[in-house]
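Numbers here simply count residues along the sequence, with the first being 1.
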Amino acid sequence: MPRLNQNKILSTLNQQPLADFKVGVDNVIFSVDITQNRLLVLLVMRPCEPFVNTWSLPGTLVREGESLEDAAYRIMAEKICVENLYLEQLYTFGGPNRDPREASDSYGVRYLSVSYFALVRFEEAKLITDGVTDVAWYPVKEVPQLAFDHNQILSYGHKRLRNKLEYSPVAFDVLPDKFTLNDLYQFYTTILGENFSDYSNFRARLLKLGFLSDTGIKVSRGAGRPASLYQFDAEAFAPFKDKPLVFI
């Protein structure tokens with residue numbers, strides 16, 4: 001087995017100049033359309049080079065004195081009006097030549113992307129168009145080739161979202177305060193697929209866990225029996241925090 005020549009590697013690296021970085025933030029903004037069982041992602045059409053007239057994730061370069069999280073929220077505020085959302089840092093993408101501007105920059109600037117993923121309520125999300133950049137929801141399954149390495153970032157974000165449902169109450173950050181069990185089931189099946197659990201199993205296991213409270217209010221939808229409205233009980237959920245949920 002070949003041995004790692006640490007001294008040779010360090011000697012080679014020490015001879016290379018330090019990289020100069022510009023830092024960008026790219027947001028993977030998901031929404032769930034439970035009426036049509038679609039997981040959607042927000043895309044914008046780039047108005048300038050590089051990749052002019054190409055769809056991309058909403059992004060920006062970080063401004064002087066601005067935190068990464070503030071930049072992520074600024075992107076959200078510029079492209080979408082929404083009250084209920086979930087946002088967390090996803091991953092840093094910084095491979096050489098991920099941005100074509102690196103090749104043309106005489107100063108050898110590298111472009112990092114600190115990505116965030118967000119989940120918003122589709123029914124309340126209002127898109128903002130600035131007259132220049134097109135903004136649209138795309139079904140995740142129909143996303144075209146995106147600018148830069150944004151398909152890779154999207155794929156990473158989609159995987160994180162699916163995994164997040166296994167151990168966190170992220171769904172309740174974007175669902176209405178009161179919801180039916182069918183609303184919740186449609187939310188999960190849209191993201192995870194219908195094979196993750198049948199409705200009867202889902203309902204029985206979820207109610208057994210005890211972190212949903214029946215409000216005593218019923219709603220009528222269609223010709224079926226009125227459905228009970230539930231609320232998420234954060235205190236009752238505390239023992240399950242950071243543990244895989246058995247109904248997933």
Side-chain angles (χ1 to χ4, degrees), residues 13 16-31 39-122 125-138 140 142-161 164 170 173-174:
L13 292 176
Q16 296 175 348
L18 295 176
D20 186 13
F21 288 99
K22 285 189 176 181
V23 179
V25 168
D26 293 301
N27 281 2
V28 188
I29 304 171
F30 292 110
S31 69
L39 177 62
L40 307 170
V41 64
L42 191 67
L43 300 181
V44 298
M45 181 72 74
R46 286 185 57 79
C48 58
E49 295 290 357
F51 299 105
V52 64
N53 295 327
T54 302
W55 289 105
S56 71
L57 298 172
T60 184
L61 290 176
V62 179
R63 295 173 177 173
E64 185 175 351
E66 183 179 43
S67 72
L68 295 173
E69 187 171 277
D70 285 345
Y73 276 110
R74 175 164 59 84
I75 297 170
M76 298 283 292
E78 290 172 349
K79 301 303 177 188
I80 189 170
C81 289
V82 66
E83 292 185 5
N84 297 289
L85 65 91
Y86 177 87
L87 178 74
E88 77 167 38
Q89 192 173 123
L90 178 64
Y91 193 73
T92 298
F93 294 82
N97 304 314
R98 61 168 299 275
D99 190 311
R101 287 172 290 190
E102 294 180 8
S104 59
D105 195 310
S106 57
Y107 296 99
V109 173
R110 293 268 302 279
Y111 287 78
L112 295 180
S113 171
V114 180
S115 58
Y116 283 74
F117 93 93
L119 186 62
V120 302
R121 190 185 304 171
F122 176 73
K126 180 181 178 182
L127 302 185
I128 300 172
T129 57
D130 55 17
V132 178
T133 305
D134 291 323
V135 184
W137 289 113
Y138 256 83
V140 169
E142 300 174 16
V143 167
Q145 183 62 42
L146 304 178
F148 306 104
D149 52 357
H150 288 188
N151 288 90
Q152 180 186 0
I153 296 176
L154 170 58
S155 178
Y156 200 99
H158 189 195
K159 182 179 179 180
R160 172 72 68 84
L161 174 61
K164 198 77 179 177
V170 59
D173 287 329
V174 294

Checklist entry - Would you say the side chain of R101 lies within less than 4.5 Å of the side chain of E49, judging by non-hydrogen atoms? => result no
Next on the checklist: Is any side-chain heavy atom of V52 closer than 4.5 Å to one of P47?
Outcome noted: no
Checklist entry - Within the side chain of R121, is there an N or O that forms a donor-acceptor pair under 3.5 Å with the backbone of V174? => result yes
Next on the checklist: Minimum heavy-atom separation for I128 and A77, please, with both atom names.
Outcome noted: CD1-O, 3.3 Å
Next on the checklist: Under a 3.5 Å distance rule, please check whether N27 uses its side chain to pair with a backbone N or O of A72 as donor and acceptor.
Outcome noted: yes
Checklist entry - How long is the span from the CG atom in L87 to the CE atom in M76, to the nearest 0.5 Å? => result 6.0 Å
Checklist outcome for this item: Looking only at heavy atoms, the pair that brings P58 and I29 closest together is CG-CD1, 4.2 Å
Next on the checklist: A side-chain contact here means heavy atoms from C-beta on lying under 4.5 Å apart; do S31 and L119 qualify?
Outcome noted: no
Checklist outcome for this item: Output for pair (W137 CH2, F30 CZ), nearest 0.5 Å, gives 10.0 Å
Checklist entry - Do any N or O atoms from the side chain of N151 and from the backbone of L146 form a donor-acceptor pair under 3.5 angstrom? => result yes
Checklist outcome for this item: V120 and A125 have their tightest heavy-atom pair at CG2-CB, 4.3 Å
Item to check | L154 CG to K159 NZ distance, which is reported to the nearest 0.5 Å | outcome: 14.0 Å
Checklist entry - Checking side chain to side chain contact (heavy atoms under 4.5 Å, CB included) for the pair L161/L39: CA distance, chi angles, key distance, verdict? => result CA-CA 11 Å; L161 174 61; L39 177 62; 4.1 Å; yes
Next on the checklist: What I'd like to find out is whether the side chain of D99 reaches to under 4.5 Å of the side chain of F51, using heavy atoms alone.
Outcome noted: no
Next on the checklist: Do Y73 and L85 have side chains that approach each other closer than 4.5 Å (heavy atoms only, starting at C-beta)?
Outcome noted: yes
Checklist entry - Between H150 and L57, is there a donor-acceptor pair closer than 3.5 Å when you use the side chain of the first and the backbone of the second? => result yes
Item to check | Minimum side-chain heavy-atom gap I153-V28 below 4.5 Å | outcome: yes
Checklist entry - Going from CG on D70 to CD1 on I75, what distance comes out if it is rounded to the nearest 0.5 angstrom? => result 11.5 Å
Checklist entry - Under 4.5 Å between any side-chain heavy atoms of K79 and L127, yes or no? => result no
Item to check | Step-by-step side chain to side chain contact (heavy atoms under 4.5 Å, CB included) determination, L40 to V140 | outcome: CA-CA 5 Å; L40 307 170; V140 169; 5.9 Å; no
Checklist entry - Given S113 and D26, is the side chain to side chain donor-acceptor pair (under 3.5 Å) satisfied, shown in steps? => result CA-CA 6 Å; S113 171; D26 293 301; 2.5 Å; yes
Checklist entry - Think R98 forms a cation-pi with F93, using NZ or CZ under 6.0 Å from the six-ring centre and within 45 degrees of its axis? => result no
Checklist entry - Got a sec: does the OH of Y138 have more than 12 other heavy atoms crowding it under 6.0 Å? => result yes
Checklist entry - Got R74 and R63 here, is their nearest side-chain heavy-atom distance under 4.5 Å? => result yes
Checklist entry - How long is the gap from CG on N97 to OH on Y111, to the nearest 0.5 Å? => result 12.5 Å
Item to check | Worked verdict on D134 versus W55 for side chain to side chain contact (heavy atoms under 4.5 Å, CB included) | outcome: CA-CA 9 Å; D134 291 323; W55 289 105; 4.1 Å; yes
Checklist entry - Does R160 use its side chain to pair, donor to acceptor, with the backbone of L90 at less than 3.5 Å? => result yes
Item to check | Distance (rounded to the nearest 0.5 Å) between M45 CE and S56 OG | outcome: 9.0 Å
Checklist entry - Angle class for the F117/Y86 ring planes (parallel below 30°, perpendicular above 60°, tilted otherwise)? => result tilted
